[in-house]
Protein chains: 2
Amino acid sequence: MFSIGELSKRAKVKIPTIRYYEEVGLLAAPERTEGNQRRYDASGLERLSFIKHARDLGFSIEAISQLIELQGHPDRSCQVAKEIVVSQLSNVRAKIKRLRALEKELVRISKGCDGEGVSEECYVLASLADHLLCRYEH
Amino acid sequence: MFSIGELSKRAKVKIPTIRYYEEVGLLAAPERTEGNQRRYDASGLERLSFIKHARDLGFSIEAISQLIELQGHPDRSCQVAKEIVVSQLSNVRAKIKRLRALEKELVRISKGCDGEGVSEECYVLASLADHLLCRYEH
DNA sequence: TCTTGAGCCTCTAGTGACTAGAGGCATTAC
DNA sequence: GTAATGCCTCTAGTCACTAGAGGCTCAAGA
């Protein structure tokens, strides 16, 4: 049995975040000491590690809830899990696509300005003022 | 002179968002009719288009504030503008890098599960539970 | 056993950039 | 004149936390 601070260190998740996960129902409320402090065991650490790993991969709290729900029913089909991962993958790919377009445009804009001129003639400011100067869709 | 609804249509920015920009000081408070409704002119539209364009490129409100401030001083050096763009570019690149790592890992995880098994043996759930199964840094 | 200091508790409010909704007044077109 | 549409302010909600205040608990050393 260990304290929330200990759990925090082991799972590398900040204390307020742990309490937040408990509040929103991701993490089961653990036992308490007589003085009302939380005490966790190995299963708490395991669950929190699962959550952290999924968050690191960009899954939403909602998606993680569904995955945890599924974990609790070992006999259920894992189709939902597969769907969640696939949908997260397409989220990630969409974001990458958009960011690559932004990258291109930002490179182009920054090349137009050496930072040595004066605001009035600045290509950066002109580019932002006028979308028509853009070369790529974004 | 046109109403906020008209401005919204022309700049393709939602009405509450326009009011929000005014509230945080990005957009100057426009004239009002006797009945207290906002009335904009061409310069309002220009400014809002600038803001929208910068937001579409992922600049923060704070960064846009600085850019607008600079616009108001045509004689000032545009070094700050250049810096803002370069820093935004490195933000974008960092995000892309991270997302590409996630993409790889998600592809790998999703390949391990055909969605036809049972939750207990699901590779998706196992992967999330155990970071050691990961092949790529993320 | 007592004390000290680190650790824990709850609660509220703040972050960024909006978005939604309620309740009510203004404008415009017919 | 009236009806429909549009606009006003204000509050609260979104997501996933983060920060801080004020106060209680625990564990280790004297």
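Numbers restart at 1 for each chain; the letters A, B, ... are given by sequence-line order, proteins then strands. Not measured: the values here are computed from a predicted model.
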Would you mind reading off the distance between [X] atom [atom1] and [N] atom [atom2], rounded to a whole angstrom?
X	N	atom1	atom2	value
B/Asn91	C/dG16	CG	C1'	14 Å
A/Glu23	D/dC15	CD	C1'	13 Å
A/Leu26	D/dA16	CG	P	9 Å
A/Leu27	D/dA16	CG	C1'	15 Å
A/Phe2	C/dC8	CZ	P	12 Å
A/Glu6	D/dC26	CD	P	16 Å
B/Asn36	D/dC10	CG	P	10 Å
A/Ile15	C/dC9	CD1	P	8 Å

Exercise. Taking all non-hydrogen atoms of both residues, which atom of A/Leu26 and which atom of A/Ile68 are closest, and how far apart?
Worked result: O-CD1, 3.7 Å
Check residues 74-82 of chain A and write down every donor-acceptor pair under 3.5 Å in which the side-chain atom is one partner and the other belongs to a residue at least two apart or another chain.
| unit_1 | atom_1 | unit_2 | atom_2 | d |
| --- | --- | --- | --- | --- |
| A/Arg76 | NH2 | A/His73 | ND1 | 3.4 |
| A/Arg76 | NH2 | A/His73 | NE2 | 3.4 |
| A/Ser77 | OG | A/Gln79 | N | 3.0 |
| A/Gln79 | NE2 | A/Glu83 | OE2 | 3.2 |
| A/Lys82 | NZ | B/Ser110 | O | 2.6 |
| A/Lys82 | NZ | B/Cys113 | O | 2.6 |

Let me have the donor-acceptor pairs involving side chains of residues 92-102 of chain A, under 3.5 Å, with sequence neighbours excluded, atom names and distances please.
| unit_1 | atom_1 | unit_2 | atom_2 | d |
| --- | --- | --- | --- | --- |
| A/Arg93 | NE | B/Glu103 | OE2 | 2.8 |
| A/Arg98 | NH2 | B/Asp56 | O | 2.7 |

Exercise. Going by number, which of residues 38-67 of chain A have a non-hydrogen atom under 4.0 Å from DNA chain D?
Worked result: A/Arg55, A/Ser60, A/Ile61
For this session: With sequence neighbours left out, write down each residue that passes side chain to side chain donor-acceptor pair (under 3.5 Å) with A/Gln88, or none if nothing qualifies.
Result: A/Asn91
Exercise. Residues two or more places apart in sequence or in another chain: which of them pass side chain to side chain donor-acceptor pair (under 3.5 Å) with A/Asp130?
Worked result: none
For this session: Without swapping roles, check the side chain of A/Ser127 against the backbone of A/Ile109 for a donor-acceptor pair under 3.5 Å.
Result: no
Seminar exercise, completed: Sorted by position of nearest nucleotide on DNA chain D, 5' first, the leading residue of B/Arg32 and B/Lys9 is B/Lys9
Exercise. Under 4.0 Å: is that the gap between some side-chain N or O of A/Tyr21 and OP1 or OP2 of D/dA16?
Worked result: no
Exercise. Any side-chain N or O of A/Thr33 under 4.0 Å from OP1/OP2 of D/dT25?
Worked result: no
Problem set entry | side-chain hydrogen bond (donor to acceptor under 3.5 Å, both in side chains) contacts in which one or both residues fall within residues 1-21 of chain A, not counting sequence neighbours | A/Glu6-A/Arg10
Problem set entry | side-chain contact (heavy atoms from CB on, under 4.5 Å) partners for B/Ser60, two or more places apart | B/Glu62, B/Ala63
Could you list all N or O pairs between the protein and nucleotides 19-25 of chain C that sit under 3.5 Å apart?
| unit_1 | atom_1 | unit_2 | atom_2 | d |
| --- | --- | --- | --- | --- |
| C/dT19 | OP2 | B/Thr17 | OG1 | 3.0 |

Seminar exercise, completed: Overall bend of the helix from C/dT1-D/dA30 to C/dC30-D/dG1 (five pairs an end, 10° steps) is 10°
Problem set entry | Summary of ring-ring contact (aromatic ring centres under 6.0 Å, His included) pairs that have at least one residue in residues 29-66 of chain A, sequence neighbours excluded | A/His53-B/His131, A/His53-B/His138
Seminar exercise, completed: Taken in chain and number order and not counting sequence neighbours, the residues that satisfy salt bridge (Lys or Arg N to Asp or Glu O under 4.0 Å) with B/Arg38 are B/Glu22
Problem set entry | Inter- and intrachain pairs under salt bridge (charged side-chain N to carboxylate O under 4.0 Å, His left out), touching residues 106-121 of chain A, at least two apart | A/Glu105-A/Arg108
